[in-house]
Amino acid sequence: MPKPKAAKAPPPPKAPTQQSKPPSWPQFKPPLPVVDLELVPNPSTSKIITISSFFPRSLCRDYVSFLSSLPLVTTPGKPKRGEAVRVNDRFQVDDAVFAKILWEKTGLKEVLTSEEYTETWGGVPIGLNPNIRIYRYSKGQYFDCHYDDYNDVNLNIDGSLVAARTTWTLLLYLTSSAEGCIGGETVFYPHDRQSAKEEIAVALETGTLLLHKHGDDCLLHEGREVKQGEKWVLRTDLCIRR
């Protein structure tokens, strides 16, 4: 069923958030994974999955410190017609090298390509979207109800370009109430309407990776207003072969 046009996520802001030269991301210290990664489907829907301790807290702190130095740009509070309201600060870069590191050096590839989950992702997972996005939500900032659409991309795999499509959004929470962030929950609505009785709220947990299905099967969802502190998120997408 096509999603309502009124709940479309706005496009990313123009430069300087789109960088031609990738930053020097902090190294993974300690080496990842620090625990055996476990996919935990949400008890209310198969379209939401979490992985705890994807990043240890110490690495999350290193990343927040580093990301604070990047040239983040505030998105406009007044969207175009048919777009959801999003008020946050963000940085965006195409970085195929970092996307490959996240895929191959964190244990993510192994757990997402295991036989147990071959039918979950809509196809054969082959990597992550090289379009890396960083979000910072400060007090009073939020992302109104919207849907995430899929994107067609080309991934460089062993020197060859492979046609791929994104099917799941990946959000890595770098802060939570442990770092003073109050609010900012990601809330899903399973019946395409904003209803407090039906909401599925995913609380922030430092180092947790949230995966949710997008495209035609995306649930209506929002990033609730941050009441205190800062919510930091690293976002990419799972890619399947097309």
Side-chain angles (χ1 to χ4, degrees), residues 8-29 32 54-80 83-103 105-106 127-144 146 148-149 151 153-156 166 169-176 178-184 186 204 206-210 214 222-237 239:
K8 180 182 178 182
K14 297 180 180 179
T17 48
Q18 183 68 49
Q19 301 291 313
S20 58
K21 183 179 179 181
S24 298
W25 305 96
Q27 294 184 357
F28 298 157
K29 294 181 180 180
L32 302 181
F54 183 71
F55 269 22
R57 288 186 179 275
S58 59
L59 185 58
C60 290
R61 288 194 298 269
D62 290 344
Y63 264 73
V64 170
S65 177
F66 169 73
L67 297 174
S68 299
S69 69
L70 296 179
L72 279 70
V73 170
T74 302
T75 56
K78 185 177 181 180
K80 295 180 180 179
E83 295 177 352
V85 177
R86 172 171 59 195
V87 187
N88 64 5
D89 305 300
R90 59 181 284 148
F91 174 87
Q92 177 174 309
V93 65
D94 286 329
D95 191 342
V97 173
F98 185 59
K100 185 176 181 179
I101 291 173
L102 283 172
W103 178 242
K105 303 297 184 182
T106 61
L128 300 178
N129 190 347
N131 182 217
I132 306 297
R133 286 137 287 175
I134 303 300
Y135 304 142
R136 179 183 65 192
Y137 293 85
S138 301
K139 183 178 179 180
Q141 295 185 326
Y142 64 97
F143 197 167
D144 208 352
H146 64 284
D148 292 354
D149 204 358
N151 287 286
V153 297
N154 293 308
L155 300 188
N156 189 326
T166 68
T169 297
L170 275 66
L171 300 174
L172 174 58
Y173 295 136
L174 298 172
T175 55
S176 66
E179 290 74 38
C181 179
I182 307 301
T186 304
L204 306 185
T206 307
T208 288
L209 187 65
L210 167 65
H214 66 219
E222 65 177 323
R224 278 192 173 151
E225 180 182 343
V226 170
K227 303 295 186 180
Q228 184 176 322
E230 292 183 338
K231 169 186 174 181
W232 283 90
V233 181
L234 187 155
R235 190 259 172 97
T236 182
D237 311 284
C239 296

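- Counting heavy atoms from C-beta outward, Leu102 and Trp25 have side chains that stay 4.5 Å or more apart.
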Side chain to side chain contact (heavy atoms under 4.5 Å, CB included) between Tyr142 and Val85, intermediate numbers included
CA-CA 8 Å; Tyr142 64 97; Val85 177; 3.3 Å; yes
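- Residues forming a salt bridge (Lys or Arg N to Asp or Glu O under 4.0 Å) with Asp95 (at least two apart in sequence, or on another chain): none.
- Two residues are said to be in side-chain contact when any heavy atoms from C-beta on lie closer than 4.5 Å; Thr175 and Glu230 fail this criterion.
- Judged as a side chain to side chain donor-acceptor pair (under 3.5 Å), and not counting sequence neighbours, the contacts of Ser176 are Glu179, Thr206.
- A cation-pi arrangement is present between Arg86 and Phe143, with the terminal nitrogen or guanidinium carbon under 6.0 Å from the aromatic centre and inside a 45° cone about the axis.
- With rounding to the nearest 0.5 angstrom, the CG atom of Leu234 is 12.5 Å from the OH atom of Tyr173.
- Minimum heavy-atom separation, Asn131 to Gln92: ND2-CG, 3.2 Å.
- The side chain to side chain donor-acceptor pair (under 3.5 Å) search around Arg235 returns Thr169, Asp237, not counting sequence neighbours.
- Under a 3.5 Å cut-off, the side chain of Thr166 and the backbone N or O of Asn151 do form a donor-acceptor pair.
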Intermediate values then yes/no, side chain to side chain donor-acceptor pair (under 3.5 Å), Asp144 and His146:
CA-CA 6 Å; Asp144 208 352; His146 64 284; over 6 Å; no
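- Evaluation of the salt bridge (Lys or Arg N to Asp or Glu O under 4.0 Å) rule for Arg136 yields Asp89 as partners, not counting sequence neighbours.
- Of the possible polar contacts, one joining the Thr75 side chain to the Asn88 backbone as a donor-acceptor pair under 3.5 Å is found.
- Looking only at side-chain heavy atoms (C-beta outward), Gln228 and Lys139 stay at 4.5 Å or farther from each other.
- In this structure Phe55 satisfies the ring-ring contact (aromatic ring centres under 6.0 Å, His included) test together with Phe28, Tyr63, sequence neighbours excluded.
- Applying the side chain to side chain contact (heavy atoms under 4.5 Å, CB included) rule to Leu70 yields the partners Pro23, Phe66, Leu67, Leu72, Phe91; only residues at least two apart in sequence or on another chain are considered.
- In this structure, the side chain to side chain contact (heavy atoms under 4.5 Å, CB included) partners of Asn154, at least two apart in sequence or on a different chain, are Leu161, Ala163, Arg242.
- The distance from atom CG of Leu170 to atom CZ of Arg133, rounded to the nearest 0.5 Å, is 10.0 Å.
- Residues Asn129 and Cys239 share a closest heavy-atom pair of N-SG, 3.4 Å.
- A search for salt bridge (Lys or Arg N to Asp or Glu O under 4.0 Å) contacts involving Glu225 returns Lys227, not counting sequence neighbours.
- Applying the salt bridge (Lys or Arg N to Asp or Glu O under 4.0 Å) rule to Arg61 yields no partners; only residues at least two apart in sequence or on another chain are considered.
- Of the inter-residue distances, the one linking Leu172 atom CG with Thr106 atom OG1 reads 9.5 Å to the nearest 0.5 angstrom.
- Distance CH2/Trp232 to SG/Cys60: 12.5 Å, rounded to 0.5 Å.
- Under the side chain to side chain contact (heavy atoms under 4.5 Å, CB included) criterion, Val226 pairs with Tyr137, Cys181, Lys231, sequence neighbours left out.
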